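Here the structure is laid out as structure tokens; the discussion comes afterwards.
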Amino acid sequence: MAGISQKVSEDDVLALLARNVYLRGYQQNTPTEFLILIDRYVNQARELQVLAGTSSTIRVAGCDDAGTLVQILGYRLREGCGQKNFTLETANPERAFLTIDSGFPLVELEESLQKGIPFTYPYPASRVPVLFHESDWIGLSQSAKSRSGSLLDALLSDASVARLYWALAKTDDETALALRNAPGLRKLLPFGSILDFYGSQICVRSGRVIVPGERVLPRIGRSWSARVQRRRGSS
């Protein structure tokens, strides 16, 4: 949905999302269809997560219990629920598209309502590592939505925050932590594009910048994911 391969590690998910948001999410400061769709996916997923509750499972006992779920999915119950020829009817085409495109088992739900049997669908929340701490990023954006939401909201609602996140995710852990501490993320925010292009050339060791010509021992055998894992929390 967000242009991220399902084969990537959990460590890379938010960084790659941030990259795709600033690359494909805006055109002349206007959200693109790509970003609008991601935002809709996230909103629907959150509604389903609330419905799943603490058990992380969506449960529908029968027709009388299906109204909220069906509405979230963009459908409505037609007459004859509980009968063999019963089918769901599209009520909100935008939501219905998200339901089908996201792989929700709509056919299984419909068959359960036809037969009058319970429908259950595991819907667990997924947590992924975060660069630094979530609170470090939420307050950076000028968007009211991101300030009252989560890191995901901050990345989706502000291209500058997304680009800075991606830029720092590419640097080594010691350098990124040094930049976070001084000058700090807020002062770095206007320079996200510069850090994106040239940030990998910056190297801080023991509190001092390594200038060209100085030798820095390579970190052999460590992938990008492994390098950033130590400095991440989770979201």
Side-chain angles (χ1 to χ4, degrees), residues 1-6 8 10 12-27 29-60 65-77 88-110 119-131 134-163 165-166 233-235:
M1 301 171 190
I4 301 173
S5 171
Q6 294 183 355
V8 304
E10 291 182 350
D12 300 340
V13 170
L14 285 178
L16 293 174
L17 173 64
R19 181 196 64 178
N20 289 350
V21 166
Y22 90 78
L23 281 177
R24 303 171 56 189
Y26 293 89
Q27 188 171 23
N29 296 322
T30 301
T32 63
E33 188 65 21
F34 168 80
L35 187 60
I36 292 172
L37 278 175
I38 292 179
D39 195 54
R40 289 174 181 168
Y41 279 120
V42 169
N43 289 336
Q44 187 182 61
R46 284 172 169 166
E47 291 178 354
L48 291 173
Q49 190 175 22
V50 171
L51 193 63
T54 56
S55 66
S56 298
T57 303
I58 296 173
R59 305 178 189 275
V60 173
D65 192 33
T68 301
L69 173 60
V70 169
Q71 183 179 14
I72 292 173
L73 299 178
Y75 290 83
R76 57 172 164 256
L77 297 170
L88 291 171
E89 185 176 65
T90 301
N92 186 319
E94 289 181 353
R95 283 181 172 265
F97 169 79
L98 300 179
T99 298
I100 295 172
D101 196 52
S102 64
F104 188 90
L106 189 66
V107 173
E108 287 83 349
L109 172 62
E110 196 171 56
F119 169 83
T120 59
Y121 180 56
Y123 202 79
S126 299
R127 301 182 69 83
V128 295
V130 172
L131 180 62
E134 189 173 23
S135 58
D136 292 332
W137 301 96
I138 293 176
L140 292 181
S141 176
Q142 298 300 314
S143 167
K145 178 181 178 181
S146 68
R147 289 196 296 271
S148 61
S150 65
L151 171 58
L152 182 58
D153 294 309
L155 295 178
L156 294 179
S157 62
D158 196 318
S160 61
V161 174
R163 190 159 198 180
Y165 190 101
W166 167 245
S234 63
S235 173

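As the structure is a prediction and not an experimental result, all values here were calculated from the model.
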Within 6.0 angstrom of Glu108 CD, more than 12 heavy atoms from elsewhere: yes
Tyr165 and Leu151: CA distance, side-chain angles, deciding distance, side-chain contact (heavy atoms from CB on, under 4.5 Å) verdict: CA-CA 10 Å; Tyr165 190 101; Leu151 171 58; 4.1 Å; yes
Contact check, side chains of Leu140 and Asp158, non-hydrogen atoms, under 4.5 Å: no
Check: Glu110 side chain, Leu88 main-chain N or O, donor-acceptor pair, under 3.5 Å: yes
Under-4.0 Å salt bridge between Asp101 and Arg40: no
Partners passing side chain to side chain donor-acceptor pair (under 3.5 Å) against Gln71 (at least two apart in sequence or in another chain): none
Nearest-0.5 Å distance, CG of residue Leu51 to CD of residue Gln49: 11.0 Å
With sequence neighbours excluded, residues passing salt bridge (Lys or Arg N to Asp or Glu O under 4.0 Å) with Arg59: none
Rounded distance (nearest 0.5 Å) linking atom CG of Leu155 with atom CD1 of Ile138: 10.0 Å
Any Asp136 side-chain heavy atom under 4.5 Å of Val130 side chain: no
Non-hydrogen side-chain atoms of Leu35 and Asp39 separated by less than 4.5 Å: no
Which residues share a side-chain contact (heavy atoms from CB on, under 4.5 Å) with Ile100, sequence neighbours left out: Tyr75
No-hydrogen, no-angle side-chain donor-acceptor test under 3.5 Å, Gln44 and Thr99: yes
Side-chain heavy atoms of Leu98 within contact of Leu37, under 4.5 Å: yes
Thr120 side, atom OG1; Ile58 side, atom CD1 - distance, nearest 0.5 Å: 10.0 Å
Tyr41 and Ile36, any side-chain heavy atoms less than 4.5 Å apart: no
Sequence neighbours excluded and cut-off under 3.5 Å, please list the side-chain donor-acceptor pairs for residues 16-24, or say none.
from	atom 1	to	atom 2	distance (Å)
Asn20	ND2	Ala2	O	2.9
Asn20	ND2	Gly3	O	3.4
Tyr22	OH	Asp196	OD2	2.5

Test item: Trp166 and Leu14 side chains (from C-beta on) under 4.5 Å apart, heavy atoms: no
Donor-acceptor contact present, side-chain Trp137 to main-chain Ser150, <3.5 Å: no
Contacts of Phe119 that satisfy ring pair (Phe, Tyr, Trp, His ring centres under 6.0 Å) - sequence neighbours left out: none
Interatomic distance, Leu73 atom CG to Ser102 atom OG [nearest 0.5 angstrom]: 8.0 Å
Closest heavy-atom pair and its distance - Ala91, Pro93: O-CD, 3.9 Å
Salt bridge (Lys or Arg N to Asp or Glu O under 4.0 Å) partners of Glu47, counting only residues at least two apart: Arg95
